[in-house]
Amino acid sequence: MTIASASAPDLPAADAATGHRLRVVLVGTQHPGNIGSAARALKTMGLARLVLVAPEKAPNAESSALAAGADDVLQAAEVHATLADAVADCRLVLGCTARSRRVSLEELSPRAAAPRAVAAAAAGGEVALVFGRERTGLDNDELQLCHAAIHIPANPDYSSLNLAAAVQVVAYEVRLALMGDAAPPAGSSDRGHATVSADTADPRDEPATHAHLEGLFAQLADTLDEIDFHKGRAPESAMRKLRRVFLRADLDVREVRLLRGVLADAQRMARMAGHDGA
Ligand code: SAH
């Protein structure tokens with residue numbers, strides 16, 4: 001589907017182009033009204049790219065009513081079957097979670113996350129801000145696809161915002177960052193890894209997309225099995241940690257190719273050793 005042209009008409013052209021590289025992804029939304037409210041939340045903040053992953057019900061009249069004039073954003077929403085499909089071309093994927101510290105992902109406030117997202121988009125990368133289901137949020141496999149988590153530091157005893165309200169808070173911080181208004185997050189652990197490394201001496205290849213990294217992770221998982229790395233332990237924990245390492249590394253496509261070459265050789269050696277031992 002086409003992308004709505006409603007993005008940030010009041011922002012300078014460069015910021016509007018950056019805004020177009022930022023998409024908000026709603027996963028498995030249960031209430032069509034929330035999809036409309038999210039469209040409205042985006043449009044009020046000058047954003048326009050809404051992506052739906054397997055919504056329980058397609059947008060309907062209730063969605064349009066709650067979109068309240070943001071129908072263009074709603075109409076232009078892309079629909080995908082899985083989160084992996086929806087973010088395959090992304091350089092940075094941030095997953096919003098109501099439950100703090102539930103995942104072994106770096107956790108950012110919206111204020112720390114927004115400048116990171118905007119920097120990655122300004123550097124030419126596609127960026128996704130992902131929101132979960134009203135009842136159950138994002139599942140662990142979906143969070144695994146994210147580079148970091150965003151948690152709105154709400155009342156710890158009542159921390160779950162309405163889906164569209166959470167979209168509004170995050171979209172507002174993105175707007176501030178797009179307007180260049182966001183101060184660098186004081187004391188944050190932001191290492192700026194989402195920005196293209198203009199400060200490194202080596203010229204960089206194209207940044208790896210999410211799909212490149214998922215290919216690397218699939219091959220890494222196979223290799224670990226083939227070299228019997230886990231020795232009977234469940235593979236999930238090691239894979240989770242290894243994913244974090246590689247997601248943090250801000251790899252480019254050439255580096256992914258190099259790593260996959262190393263893995264291919266390890267797989268070849270393991271097969272040879274297997275034959276010898278047989
Ligand atoms: N009961 C669910 C809450 C889902 S709220 C759970 O415990 O996960 C629907 C979505 O809104 C969440 O998946 C998340 O993406 C977003 N959201 C709600 N509150 C949030 C918060 N405090 N910080 C970040 N995202 C939040």
Side-chain angles (χ1 to χ4, degrees), residues 1-11 16 19-83 85-87 90 93-99 109-111 113-114 117-118 121 127-139 142 146 149-155 158-179:
M1 277 192 206
T2 50
I3 302 300
S5 58
S7 181
D10 57 330
L11 290 170
H20 267 306
R21 287 192 212 97
L22 292 156
R23 72 190 70 168
V24 162
V25 181
L26 306 183
V27 179
T29 309
Q30 285 145 337
H31 301 295
N34 277 335
I35 297 175
S37 298
R40 180 179 185 174
L42 286 194
K43 189 164 177 176
T44 56
M45 295 299 118
L47 298 172
R49 290 187 63 194
L50 183 62
V51 175
L52 309 176
V53 173
E56 276 197 9
K57 287 188 200 139
N60 58 16
E62 193 191 353
S63 317
S64 300
L66 285 163
D71 297 71
D72 50 348
V73 173
L74 196 56
Q75 296 300 325
E78 295 167 39
V79 183
H80 288 275
T82 66
L83 178 57
D85 283 349
V87 301
C90 287
V93 180
L94 300 172
C96 297
T97 163
R99 278 171 277 176
S109 69
R111 193 147 295 175
V118 167
V127 176
L129 303 164
V130 183
F131 295 80
R133 299 160 188 81
E134 291 89 334
R135 263 194 303 278
T136 52
L138 294 168
D139 68 28
E142 288 157 352
C146 301
I150 300 178
H151 176 68
I152 299 164
N155 175 358
Y158 192 71
S159 66
S160 178
L161 280 73
N162 161 269
L163 170 60
V167 171
Q168 186 77 74
V169 170
V170 173
Y172 171 63
E173 291 293 341
V174 167
R175 181 170 178 80
L176 289 185
L178 277 170
M179 290 173 16

Novice: Does the side chain of Leu47 come within less than 4.5 Å of Leu178's, by heavy atoms?
Specialist: yes
Novice: Write out all pairs satisfying salt bridge (Lys or Arg N to Asp or Glu O under 4.0 Å) with one or both partners inside residues 54-65, taking only residues at least two apart or from two chains.
Specialist: none
Novice: Please walk me through it: do Leu138 and Thr97 pass side chain to side chain contact (heavy atoms under 4.5 Å, CB included)?
Specialist: CA-CA 7 Å; Leu138 294 168; Thr97 163; 5.6 Å; no
Novice: For Ala68, what residues pass the side chain to side chain contact (heavy atoms under 4.5 Å, CB included) criterion, not counting sequence neighbours?
Specialist: Arg40
Novice: Check the pair His80 / Val87 against side chain to side chain contact (heavy atoms under 4.5 Å, CB included), numbers first and verdict last.
Specialist: CA-CA 10 Å; His80 288 275; Val87 301; over 6 Å; no
Novice: With rounding to the nearest 0.5 angstrom, report the CZ to CG distance, Arg133 to Leu26.
Specialist: 11.5 Å
Novice: Looking at residues at least two apart in the chain, or sitting in another chain, which of them share a salt bridge (charged side-chain N to carboxylate O under 4.0 Å, His left out) with Arg21?
Specialist: none
Novice: Using 0.5 Å steps for rounding, measure from the CG atom of Leu74 to the CG atom of Leu52.
Specialist: 8.0 Å
Novice: Please check if any side-chain donor atom of Ser63 sits under 3.5 Å from a side-chain acceptor atom of Asn60, or the reverse.
Specialist: yes
Novice: Go through the structure and list residues passing side chain to side chain contact (heavy atoms under 4.5 Å, CB included) with Ala65, not counting sequence neighbours.
Specialist: none
Novice: With no hydrogens and no angle check, do the side chains of Ser109 and Glu173 hold a donor and an acceptor under 3.5 Å apart?
Specialist: no
Novice: Does the pair Cys90 and Arg23 meet the rule for a side chain to side chain contact (heavy atoms under 4.5 Å, CB included), with working shown?
Specialist: CA-CA 10 Å; Cys90 287; Arg23 72 190 70 168; 3.6 Å; yes
Novice: Taking only residues two or more places apart in sequence, or in another chain, which ones meet Thr82 in a side-chain hydrogen bond (donor to acceptor under 3.5 Å, both in side chains)?
Specialist: Asp85
Novice: At what distance, to the nearest 0.5 angstrom, does CG of Leu22 lie from CG of Leu129?
Specialist: 6.0 Å
Novice: List in chain and number order the residues that pass side-chain hydrogen bond (donor to acceptor under 3.5 Å, both in side chains) with Thr29, two or more places apart in sequence or in another chain; answer none if no residue qualifies.
Specialist: none
Novice: Kindly give the heavy-atom pair with the smallest separation between Leu163 and Glu134, and that separation in Å.
Specialist: CD2-OE2, 4.0 Å
